[in-house]
Amino acid sequence: MKFSIINRGDQQSTEMTNLFYQYAKQYQLVEDQDSPDLIISIGGDGTMLEAFHSNQHRLHKVAFLGIHTGHLGFYADWQPNELENLVSLIANEPLKTIEYPLLHVKIKTNDYQEINYLALNEFTVKSTEKTLVMKVKLNHQDFETFRGDGLCISTPSGSTGYNKSLGGALIHPSLESIQVSEMASINNRVYRTIGASLLLPKHHYIDLFPESDQEIRFTLDHLNFTMSNVYSIQGFVADEKILFARYRPFPFWNRVRDAFIGNEHR
Ligand code: NAP
């Protein structure tokens, strides 16, 4: 089992990384930065998002595992005090994985360029200044004209991130789907949007056509960038999936409970 580590860079994560290396030596695990079988993220969700984006060219060959050092750590299953037990499981147990769906985003520009992205959490589309106006199509059929701050397209595992703050539903990652949630849509006698989150299954497409000349701000998980010259933005469930290592069960709803309800409210 070849592993590599990415950590948040704070003191606790660095200490955990050093401790992991000590145990790894003891249990004869091999580090391989270029082609690991297992990527260990030590930090929070931001660290896992970074690990995902820097390894998205080899998703079919690698599994991810999160060790939690402070912060929320929705993707991090293991606590620092479980490190030795974890390393011994990695060394001695066969690697079991579970798959989570991803979002594929395709942006087309007015000069016929096409740019593709994969998101683990979500992709958001916002205007930089004025109200964002976009024609929305579902499966290539006209659906609505959106006016407002923007739209968030999230994966099931990302449904607990930005999407949750927008009032979207929490979706179990066994449902291969993407969710579209509105950000402050304008709804009155003149303008109308659906006003609810939409859940699109596999092989369904959402296409957004911004009014011309709008500068658009995009967020892709923890990254963000602006573009003008955008012709269309398409979102759909990706063919690729992310694999998470599971050395013990940690059901999604327990993860949701631990992250958002906590012990004191049960
Ligand atoms: P950030 O401020 O570093 O992170 C925002 C918070 O979201 C952190 O507590 C992070 O956990 C948590 N988070 C990330 N992915 C999550 C998930 N799948 N489920 C539950 N919580 C999750 O923000 P950033 O670096 O700009 O963006 C990273 C992510 O933060 C985005 O993908 C988005 O989901 C979320 N975000 C949320 C809002 C909002 O709710 N208004 C706004 C911007 C971004 P850790 O502390 O463990 O890293």
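Position 1 is the first residue of the sequence; numbering continues from there. Whatever order the structure lists ligands and atoms in, that order sets their numbers, starting from 1.
- Per-residue contacts place G46 under 4.0 angstrom from the following atoms of ligand 1 (heavy atoms of the residue considered): 48 (O).
- Applying the 4.0 Å criterion to heavy atoms of S165 picks out, from ligand 1, the atoms 39 (C), 40 (O), 41 (N).
- Those atoms of ligand 1 with a heavy atom of Y75 less than 4.0 angstrom away are 18 (N).
- Each of F218, F225, F52 was compared with Y117 under the ring-ring contact (aromatic ring centres under 6.0 Å, His included) criterion, and only F225 meets it.
- Two residues are said to be in side-chain contact when any heavy atoms from C-beta on lie closer than 4.5 Å; L102 and L59 meet this criterion.
- Once rounded to the nearest 0.5 Å, the distance linking OG of S197 with CD of Q179 reads 4.5 Å.
- Shown here, atom 23 (O) of ligand 1 is out of close reach of the protein: none of its heavy atoms lies under 4.0 Å off.
- For ligand 1, the polar-atom distance check finds no N/O of F74 at less than 3.5 Å from any of the ligand's N/O atoms.
- At the top of the distance list for atom 8 (C) of ligand 1, counting protein heavy atoms only, stands L72 CB, 4.9 Å.
- Through side-chain heavy atoms spaced under 4.5 Å, either directly or across other Ile, Leu, Val, Met, Phe, Trp or Tyr residues, F209 is tied to Y231.
- No side-chain heavy atom of F146 sits under 4.5 Å from any side-chain heavy atom of K135.
- Counted within 6.0 Å of NZ on K202, heavy atoms from surrounding residues, nucleotides or ligands total more than 12; the atom is thus considered enclosed.
- Under the side chain to side chain contact (heavy atoms under 4.5 Å, CB included) rule, D221 has a single partner from L49, T124, L103, L118, which is L49.
- An N or O contact shorter than 3.5 Å is missing between G44 and ligand 1 by distance.
- The nearest heavy-atom contact from the protein to atom 32 (O) of ligand 1 is E122 OE2, 2.5 Å.
- Aromatic rings from F236 and H203 are positioned such that their centres are separated by 6.0 Å or more.
- Scanning all protein heavy atoms for the shortest distance to atom 27 (O) of ligand 1 gives H222 CA, 3.7 Å.
- Residue, atom and distance of the protein heavy atom nearest to atom 35 (C) of ligand 1 are Y162 N, 4.1 Å.
- For ligand 1, the atoms lying closer than 4.0 Å to a non-hydrogen atom of L49 are 28 (C), 32 (O).
- Closest to atom 20 (C) of ligand 1 among all protein heavy atoms lies T160 O, 3.2 Å.
- Protein heavy atoms come within 4.0 Å of atom 38 (C) of ligand 1.
- Distance check: F244 CZ to S41 OG gives 9.0 Å after rounding to the nearest 0.5 Å.
- Per-residue contacts place D221 under 4.0 angstrom from the following atoms of ligand 1 (heavy atoms of the residue considered): 27 (O), 31 (C), 32 (O).
- The distance from ligand 1 to the heavy atoms of G73 drops below 4.0 Å at these ligand atoms: 47 (O).
- Residue, atom and distance of the protein heavy atom nearest to atom 11 (O) of ligand 1 are D45 OD2, 3.1 Å.
- Heavy atoms only, all atoms of each residue included: D34 and P36 are closest at C-CD, 3.5 Å.
- To the nearest 0.5 angstrom, I261 atom CD1 is 12.0 Å from N254 atom CG.
- Nearest protein heavy-atom contact of atom 15 (N) of ligand 1 is N121 ND2, 2.8 Å.
- The distance criterion of under 3.5 Å between nitrogen or oxygen atoms is not met by G158 with respect to ligand 1.
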